[in-house]
Amino acid sequence: MRYSIFSLLANSLSQHSRWTPAWREPEPKAEYDVVIVGGGGHGLSTAYYLAKEHGVTNVAVLEKSWLGSGNIGRNTTIIRSNYLLPGNEPFYEWSMKLWEGLEQDFNFNAMVSQRGVLNLYHTDPQRDAFARRGNAMRIHGVDGELLDREQVRDMLPFLDFDNARFPIRGGILQRRGGTVRHDAVAWGYARGADARGVDIIQNCELTGIRVENGRVAEVETSRGNIRCKKLGLAAAGNSSEVARMAGIKLPIESHVLQAFVSEGIKPFIDEVVTFGAGHFYVSQSDKGGLVFGGDLDGYNSYARRGNLPMVEHVVEAGVAMIPGISRVRMLRSWGGIMDMSMDGSPIIDKTHIEGLYLNCGWCYGGFKATPASGWCFAHTIAKNELHHLNAAYRLDRFKRGYMIDEKGQGATPNLH
Amino acid sequence: MRIKCPHCGERPSEEFSYLGDAGPKRPSSNDPASMDDWFDYVYLRENPKGVMQEYWHHSGGCRGWLVAERNTETHEFISTVSAREFALRRSS
């Protein structure tokens, strides 16, 4: 059923008792053309674009838990395309363009809100670096504006502009950036893929990958074996674990990242704002809660929960930026497992095993990339070649020396 | 998390900084023929779900390096030894 004002009115006559489930819960078939491992944002968007753009509909998405139980429902919902490097910027801008048309495209309200993303700067060198990044964005046709202190003050008068250590001198603003309701992204893609014939199989954990004569042949799962011609891995924090089943060792470490939401308060922060002197980013949800986060805890983890020192660190950075939030109470905190790559950039590529494709290394920037990641991964799987937008995201770039190191940190996954 | 430093005893984790997996061994040769070993050492990680050995630095304490055995699923520390002790055991 197509969702619209008319379907809403029609269903109101039956007091909303006749809505049907948004997707089926099929039993796994014996064989599929394509199996995608991971029913999160990237796996579901891949299945959606495989069906919609390439007509590949004999597809299964395997999810070990419930749909969208991983990072698609754990992030701080920020979208932006304010990158510096040529390998990244066109990809993230394509993602932004897909966000802009997404709700009409998959007929689901994902509450895409282009409220603007503002990165603050505190020193002259940081201003110069931001100006450079802004220019790089504009060369790629992306909007970016360098704001001075007074322009920032007009937008956010309650920031601590005269902080003794980190005075705020201005910021770089991408007006087209913003937030999206993350769960709805998973649901919208799932519904769109399901309607086109994709089987979404929940509570189905991958336990093995069988390769015959250098080709992917079959996957072993907690719900039985499934034969497949092609296999796409989009397992985020568990990427190393699933790649290991095919004998592949990845340039990835799994780390825990925490996020937080405060009690609901009156409308306060209109944009997404990031602190330039520490790692802190905040926006305000439609329910009024401040949604914020900071750095990784910093040690390898699969635990999906962090520890208290990082809670304290994030809150300190937040209060340094906005002293007014010091007495706002924190409502919840949670953690997600990030697939941190060695250069801070993702991998969307083929592998040396025919029919096996990789989508991983999203660090903690995977949410904004969800549409373009699925789009490019679907292209890579369907055509067995890389799209020009993910041409730089090759697995062998580390060996060849073509890293895409946005932050210039080197091979230190916990610092990207 | 509390980490048992071999020199200082059990201390809060925020006194320590983290380097990472103690598994990879630095290749001893600079021969270009060993580049695959270097690639493996610098970039590839086992990234285990479960017990791993990892380097920690007691940067806010005795400034000694240590190797801890920790479970990445539960954050439980199983044992710690000094990095020197670890290296001696590994080479013997």
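Residue numbers start from 1 in every chain, and the chains themselves are labelled A, B, ... in the order their sequence lines are given, proteins ahead of strands.
No donor-acceptor pair closer than 3.5 Å links the side chain of A:D297 to the backbone N or O of A:Y299.
For B:Y43, the parts lying near chain A are the backbone and the side chain together; criterion is any non-hydrogen pair under 4.5 Å. Using a 4.5 Å cut-off between heavy atoms, B:W56 contacts chain A through its side chain alone, with no backbone atom that close. Neither the backbone nor the side chain of A:R304 comes within less than 4.5 Å of any heavy atom in chain B. With a 4.5 angstrom heavy-atom cutoff, A:I252 touches chain B via backbone and side-chain atoms both. Contact annotation for A:N238: only side-chain heavy atoms (C-beta onward) come within less than 4.5 Å of a heavy atom of chain B. For chain B, the nearby part of A:M403 is the side chain; its heavy atoms alone come within less than 4.5 Å. When heavy atoms are compared at a cutoff of 4.5 Å, B:M35 does not approach chain A at all.
Annotation: maximal heavy-atom pairing with chain A below 4.5 Å, among B:P48, B:G20, B:S17, occurs at B:P48. Looking only at heavy-atom pairs under 4.5 Å with chain B, the residue among A:P413, A:A411, A:S341, A:S254 that has the most is A:S254. No other option in A:I337, A:V256, A:N307 has as many heavy-atom pairs under 4.5 Å with chain B as A:N307.
Checked against the 6.0 Å centroid threshold, A:W362 and A:H42 count as a close aromatic pair. Residues A:F91 and A:Y393 place their aromatic rings such that the two centres sit under 6.0 Å apart. Note: B:Y18 and B:H57 fail the aromatic proximity criterion, with ring centroids not under 6.0 Å apart.
The side-chain contact (heavy atoms from CB on, under 4.5 Å) with A:T370 is formed by just one residue from the set A:N75, A:T46, A:I72; it is A:I72.
A:E253 and A:N414 are not linked by any side-chain donor-acceptor pair at a separation below 3.5 angstrom, with hydrogens and angles left out of the test.
Between A:V216 and A:I353 there is a side-chain heavy-atom pair separated by less than 4.5 Å.
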